[in-house]
Amino acid sequence: MKTIDELLAEGVVGKRVFVRADLNVPLEGTTITDDGRIRAVQPTIEKLAAAGARVVVASHLGRPKGAPDPAFSLAPAAARLGELLKTDVAFATDTVGESAKAVVAGLADGQVAVIENLRFNAGETSKDDAERGAFADQLAELADVYVGDGFGAVHRKHASVFDLPARLPHVAGGLIATEVGVLKKLTEDVDRPYVVVLGGAKVSDKLGVIDHLLEKADRILVGGGMAYTFLKAQGHEVGISLLQKDQIPTVLEYLERAKAKGVEFVLPVDVLVSAEFPDLKTKAPANPTTVAADAIPADQEGLDIGPETRKLYASKLADAATVFWNGPMGVFEHPDYAEGTKAVAQALVDSPAFTVVGGGDSAAAVRILGFDENAFGHISTGGGASLEYLEGKTLPGLAALED
């Protein structure tokens with residue numbers, strides 16, 4: 001896989017360099033609530049601009065239906081990128097139309113532009129190879145070189161991720177090189193003990209990674225909504241907690257495999273419960289009750305791991321040499337249910353281990369809860385991409401960057 005440093009050594013002065021970034025930031029209206037993904041690609045863009053490239057930045061945002069939708073415009077991300085770069089960033093109001101062509105044509109050496117949300121064009125996400133290819137052809141007209149640096153999208157077989165690199169000289173950006181290097185540390189010659197912490201809402205989202213990590217991890221800690229399917233599989237009452245009944249047979253199989261392989265599988269011993277889901281807008285006090293994990297009332301919902309589980313999980317992380325964490329332990333967006341996620345994050349900060357926060361809600365949580373990002377070994381920009389890599393899957397966007 002050719003790197004951006006090799007590209008820079010060859011020279012990029014005057015070249016139109018298409019950077020497939022991941023600017024898929026969370027928005028409240030037009031306000032960005034977490035700019036981590038923009039900051040992650042910033043070094044690549046700065047290097048290219050400083051070397052005299054005419055940088056064309058592209059990304060998706062959200063899930064528009066293949067047509068323009070103001071709610072998913074990249075305009076706020078473009079504005080924030082300009083603030084971070086401390087320079088004007090031009091913005092095209094379409095992807096491959098007159099605005100994009102004019103904005104790119106107007107770039108001088110060292111200048112940067114952002115084109116509108118790629119998913120405003122149905123060809124970006126089409127499952128039809130010809131339709132996707134036709135959109136990639138149009139994108140290719142905007143550039144001379146392709147830099148893949150949107151790690152959060154490399155698990156998608158999309159036009160800008162998979163098809164476009166085949167049409168242009170291509171290299172991996174600094175962010176992708178870093179992400180792949182980190183993931184190799186989690187899959188090849190891992191320092192042990194290797195502890196994996198998994199949370200989030202649905203156990204079905206994590207089945208593949210659990211299946212694969214049962215062959216690699218020494219210890220797996222489970223929290224979040226997915227924990228209740230495991231507790232139910234053990235025969236416990238889980239009340240009105242999140243539950244995927246159809247996954248119980250698979251969960252039981254994993255618990256049996258873990259035991260047979262000597263992988264320690266750790267589940268909550270206590271949880272915070274309530275009869276009502278908290279109001280995440282007003283953050284009104286929820287007044288939860290703490291109960292044993294095997295004694296959840298039938299009319300209550302588990303919404304965070306309890307204090308004894310926090311202590312238990314911290315102790316299980318204390319001796320780790322490598323830690324991978326993906327998924328919050330509870331509804332961290334509400335202060336009454338943030339302590340479980342906070343406790344796991346703090347345990348990673350306190351640990352001498354190589355610690356990796358696996359993107360998505362976990363990455364958002366450590367920022368929202370006020371942790372110093374530099375206190376972790378690595379915070380990934382791609383939740384789904386990280387998980388699929390750890391499952392052993394071939395990621396289309398990485399395969400497309402191979403020479």
Side-chain angles (χ1 to χ4, degrees), residues 18-38 40-41 45 56-82 89-104 112-143 146 148-165 167 201-202 205 280-281 359-361 363-364 381-385 387-388 395-397 400:
F18 188 104
V19 178
R20 199 337 178 156
D22 179 10
L23 308 181
N24 185 28
V25 292
L27 293 171
E28 289 183 2
T30 59
T31 301
I32 297 171
T33 57
D34 180 3
D35 67 357
R37 285 177 170 168
I38 303 175
V41 76
I45 296 169
V56 182
V57 183
S59 176
H60 71 286
L61 192 152
R63 296 180 183 274
K65 307 296 184 182
D69 183 339
F72 297 105
S73 175
L74 276 175
R80 179 58 181 150
L81 178 61
V89 169
F91 181 66
T93 56
D94 56 26
T95 56
V96 292
E98 293 307 313
S99 178
K101 291 174 183 176
V103 165
V104 173
V112 180
V114 175
I115 63 174
E116 186 55 284
N117 190 338
L118 293 164
R119 291 185 182 176
F120 284 2
N121 189 305
E124 170 69 0
T125 59
S126 176
K127 296 187 185 306
D128 182 85
D129 290 349
E131 185 179 9
R132 241 186 17 256
F135 183 48
D137 287 338
Q138 291 177 292
L139 290 171
E141 293 176 7
L142 300 175
Y146 177 93
D149 217 24
F151 181 74
V154 293
H155 58 314
R156 307 294 190 193
K157 192 176 181 180
H158 291 169
S160 67
V161 176
F162 179 75
D163 301 273
L164 184 55
R167 288 157 169 79
K202 294 181 179 180
D205 292 341
L280 300 183
K281 288 186 177 181
D361 286 343
T381 57
L387 290 177
E388 290 198 17
L395 305 187

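- The OG1 atom of T95 lies 7.0 Å from the CG atom of L118; values are rounded to the nearest 0.5 Å.
- Nearest heavy-atom pair across P165 and S160 is CD-O, 4.2 Å.
- Between the side chain of S99 and the main chain of A92, no donor-acceptor pair closer than 3.5 Å is present.
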Q.
I'd like to know whether V41 forms a side-chain contact (heavy atoms from CB on, under 4.5 Å) with D22, so could you lay out the CA-CA distance, the side-chain angles of the two residues, the decisive distance to 0.1 Å, and finally the verdict.
A. CA-CA 8 Å; V41 76; D22 179 10; over 6 Å; no
Q. Yes or no on side-chain contact (heavy atoms from CB on, under 4.5 Å) for V25 and D34, after CA distance, side-chain angles and deciding distance?
A. CA-CA 6 Å; V25 292; D34 180 3; over 6 Å; no
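- Residues F135 and V96 are in side-chain contact: their nearest non-hydrogen atoms beyond the backbone lie under 4.5 Å apart.
- No side-chain heavy atom of D163 sits under 4.5 Å from any side-chain heavy atom of D129.
- A salt bridge between D205 and K202 is absent, with no side-chain N of the basic residue lying under 4.0 Å from a carboxylate O of the acidic one.
- In this structure, CZ in R132 is found 5.0 Å from NZ in K157, a value given to the nearest 0.5 Å.
- The two residues P396 and R156 come nearest to each other via the heavy atoms CB-O, 3.9 Å.
- How far CZ of R63 is from CG of N24: 8.5 Å, rounded to the nearest 0.5 Å.
- Between the side chain of E124 and the backbone N or O of H158 there is no donor-acceptor pair closer than 3.5 Å.
- Side-chain contact check for R80 versus I38: some heavy-atom pair is nearer than 4.5 Å.
- Of the inter-residue distances, the one linking T125 atom OG1 with K65 atom NZ reads 10.0 Å to the nearest 0.5 angstrom.
- With rounding to the nearest 0.5 Å, the separation of CZ in F91 from CG in L81 is 11.5 Å.
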Q: Quick one: do S59 and N117 satisfy side-chain contact (heavy atoms from CB on, under 4.5 Å)? Show the steps, please.
A: CA-CA 6 Å; S59 176; N117 190 338; over 6 Å; no
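- Of all heavy-atom pairs between D69 and P64, the closest is CB-CB, 4.5 Å.
- Scanning both residues, A58 and F18, for their nearest heavy atoms gives CB-CZ, 3.3 Å.
- Here the straight-line distance linking atom CG of L61 with atom CZ of R37 works out to 9.5 Å at 0.5 Å rounding.
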**Q.** T33 vs L27, side-chain contact (heavy atoms from CB on, under 4.5 Å): CA-CA, chis, key distance, verdict
**A.** CA-CA 6 Å; T33 57; L27 293 171; over 6 Å; no
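- Across V56 and I115, no two heavy atoms sit closer than the pair CG1-CG2, 4.1 Å.
- There is a side-chain donor-acceptor pair under 3.5 Å between R20 and H60.
- In terms of heavy atoms, L164 sits closest to A136 at CD1-O, 3.5 Å.
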